[in-house]
Amino acid sequence: MKNDVGVPLAGGLLPFARERASATPIRRAADRSSVEGLVSELPAHLSDVRPVRVSLRALQEWFAGAVMHPAGVAASVRERGDLGGEAIGVADVERVVSASSRLSGFERIEIYHGAYRARLVECLADDYPALAYALGESSFESLCHAYIAAHPSRSPSLNAFGRHMSAFCRSRTDRLSAFGADLAALEWALVEVIHTAPADRLSEEALSKIPPSDWPRARFAPSDAVRVLEFGHAANAYFQAYNAGGGPDPPEPAWSATAVFREGPTIWRMDLSRAMHTLLHALFAGATLGAALDALASSGDLTEKEAPLLMNWFRDWVRYGFFASIAVETGVRSSSSA
Amino acid sequence: MPSGPARGGGPPGGGQSCNRFGLPNLGIGLGLRTVHYGHLLEHWPHVDWFEIISENYMQTAGRPLYFLDQIAERYPIVMHGVSLSIGSTDELDMSYLAELKALRERSGALWVSDHLCWTGVAGRNTHDLLPMPYTDEALRHTARRVRYVQDFLEAPLVLENPSSYVEFTGSTMREWEFLRALADEADCGLLLDVNNIYVSGYNHGFEPSVYLDAIPFDRVVQMHVAGHTHNGTHIVDTHIGPVIDPVWDIAREAYRRCPGTSILLEWDAEIPPFEEVHKEALKAASFARNGESGASARQAGARA
């Protein structure tokens, strides 16, 4: 699919696998390492286990701490040192959680520890499939574990759990952190647009009612279902190649910009030239059309080839629902959909 | 209208359920999963009903609701939550409850269920179904919260027995004793997950029949069947693959004790094409009655 100015659109019904379920994910093999070295700390004989009876609150805080601790159950138990006033070390865990005929109490808690991280890693992998591919499984999982520790969920929903990933990537010094931040910003924009409400759309009819003399003072209200993004790498080209199964290599730094938007259930990505981005960025920031065009002129971004296409751009952007409404600065002259 | 019984061969005289809440027998349903959206919207297959994971349609105003609205127009819907955290010692999340209630109204869900568990504490959410200690304190605490939620929702809350991998030494009763006492104390409904009984029975060393003997079946509104993963040392409730025969056996025995109960298959990992999932669910037709039609089920749900 192409728009009038030949800028390719890419998109479609993105797989939307990040959904909650009551199932328990299976822990990854790598997580088992946290059990190693603990055998000597576990009691040899359990027949004299004295149950710990504490308040529900104290028990939940102790158990959740063990499940969520980034360094594992043992680290949490050691750091806390007690439960409801009773000293509880790793060797005492079975005073809290009983052993089964096949697993120690400690190993049984480890099932929850592994499932906790596995579920959240799955969630992030669903939000960031291209980032996961770019980094590779091991690096992505390490990134996710660090992210989970830095940004534990405080919401009943996982829909926004991954929202900090771009900034988190940029704050790190890992290989590909800058590209990862760009790619994560693109992928998160896709998630955000999926969850936005059906937006009001400026109609071409409403646009046509603006007299030419009022155009410089016209102000476009951006649609909630559109994101305009600027990158230091060709993030969208990489994402497109990944989606097409091409196995792309991470790109070298290079400027790029992309608009992400939704039409019904379909999510689209559209690459933007520098001039398009400058103009859209100004309009989305609230500039009047006149001010935005002035900014474009002074930027030097508009090429000779592009200059005759400005009206086509606007027509496309209106058609794709980039704007919710239009108003003229001195008073409302026309607005929203016809 | 594609909804309604798509199968034959069930025992005669079906339709009505026997739960004390008057909630209808919907027949044999499926968990609604996004990988099947395309198939559903293209073919609108005959399926008795769908269960949605409530949270998948909360904190969103976009595409999930776009699909749900279309599906809820054509099939009876039931809501199944994973984040109510009814057993937590944190305050109930009122904004969550308000959104839950709004989703129920939007989808026309016939009932709302969640799990006997807690999902987090001190403001942090693990997004897991964490096990309760079965104590008097936990019983009183949870029953009080269930009653509050029911008052807020203006409908019975239906609680599911979870799979669990630990038991607390401080527990003073077994899970089935706790569940029964809670249901009586809070006057709530039960969602009997027979796979969870099998899983926890293996993990904790009890016989499923002992569990079933303690269940107040007049409170059972719905049943779940599912697959799981056997790790040798323990079983994990992964909702993967077909349902094994011993779980079907428990389902059959449970159904005998509450005939006309709505049955649902959960399949959440390595989900195959829609027809395969549906075919697996329809194995329940060997012992389950036909459900009420979509329209009459909605009316019954509205009366309840």
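Convention: sequence-line order gives letters A, B, ...; per-chain numbering from 1.
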Q. Do the two ring centres, one from Phe67(B) and one from Tyr57(B), sit under 6.0 Å apart?
A. no
Q. Asp93(B) versus chain A, heavy atoms under 4.5 Å apart: side chain, backbone, both or neither?
A. side chain
Q) Do Phe168(B) and Phe63(A) have ring centroids that are under 6.0 Å from one another? A) yes
(Q) Under a 4.5 Å cutoff for heavy-atom pairs, which residue among Ser55(A), Ser100(A), Gly105(A), Gly264(A) has the most contacts with chain B? (A) Ser55(A)
Q.
Does any backbone or side-chain atom of Val166(B) lie under 4.5 Å from a heavy atom of chain A? Answer side chain, backbone, both or neither.
A. both
Q. Which answer fits Asn196(B), side chain, backbone, both or neither, if we ask what part of it has an atom under 4.5 Å from a heavy atom of chain A?
A. neither
Q.
What part of Tyr165(B) gets within 4.5 angstrom of chain A, counting heavy atoms only: side chain, backbone, both, or neither?
A. both
(Q) Classify the ring geometry of Tyr148(B) against Phe152(B): parallel below 30°, tilted from 30° to 60°, perpendicular beyond 60°. (A) parallel
Q: Heavy-atom pairs under 4.5 Å with chain B are the metric here; pick the option from Arg57(A), Glu61(A), Arg53(A) that has the most.
A: Arg57(A)
Q. Does any heavy atom of chain A fall under 4.5 Å from the side chain of Thr229(B), the backbone, both, or neither of them?
A. side chain
Q | Per-residue contact mode, Arg262(A) against chain B (heavy atom under 4.5 angstrom) | A | side chain
Q | Heavy-atom check, side chain of Trp118(B) versus side chain of Gln60(A), under 4.5 Å | A | yes
Q.
Check Glu51(B) with Arg33(B), please: is the shortest side-chain N to carboxylate O separation under 4.0 Å?
A. no
Q.
Please check this pair: side chain of Arg145(B) against backbone of Ser85(B), looking for a donor-acceptor N/O pair closer than 3.5 Å.
A. yes
Q: Side chain from CB out, backbone as N, CA, C, O: work out which of these in Pro198(A) comes under 4.5 Å of a heavy atom of chain B, or both, or neither.
A: both
(Q) Determine whether the aromatic ring centres of residues His230(B) and Tyr202(B) are separated by less than 6.0 angstrom. (A) yes
**Q.** Aromatic ring pairing Phe261(A)/Tyr320(A), orientation class (parallel under 30°, perpendicular over 60°, tilted between)
**A.** parallel
(Q) Does this structure show an ion pair linking Arg108(A) with Glu94(A), if we count only N-O contacts that are shorter than 4.0 Å? (A) no
Q | Closest-packed option against chain A by number of heavy-atom pairs under 4.5 Å, given His228(B), His204(B), Glu266(B) | A | His204(B)
Q. Does any heavy atom of chain B fall under 4.5 Å from the side chain of Val193(A), the backbone, both, or neither of them?
A. neither
Q.
What I want to find out is whether Glu167(B) reaches Arg174(B) closely enough, with some N-O distance under 4.0 Å, to be called a salt bridge.
A. yes
Q: Could you look at Ile148(A) and say if it's the side chain, the backbone, both or neither that has a heavy atom under 4.5 Å from chain B?
A: neither
**Q.** Best-contacting candidate, Gly232(B), Ala269(B), Pro131(B), against chain A by heavy atom pairs under 4.5 angstrom
**A.** Pro131(B)
Q) Tell me, side chain or backbone of Ser54(B) under 4.5 Å from chain A's heavy atoms, or both, or neither? A) neither
Q: Side chain from CB out, backbone as N, CA, C, O: work out which of these in His224(B) comes under 4.5 Å of a heavy atom of chain A, or both, or neither.
A: neither
Q.
Can you tell me which of Gly81(B), Ser88(B), Ala226(B), Gly205(B) forms the most heavy-atom pairs within a distance under 4.5 Å of chain A?
A. Ser88(B)
Q: Identify which part of Thr196(A) has an atom lying under 4.5 Å from any heavy atom of chain B, answering side chain, backbone, both or neither.
A: backbone
(Q) Quick check for you: among Met132(B), His141(B), Arg124(B), which has the greatest number of heavy-atom pairs under 4.5 Å with chain A? (A) Arg124(B)
Q.
Is any side-chain heavy atom of Thr119(B) closer than 4.5 Å to one of Leu130(B)?
A. no
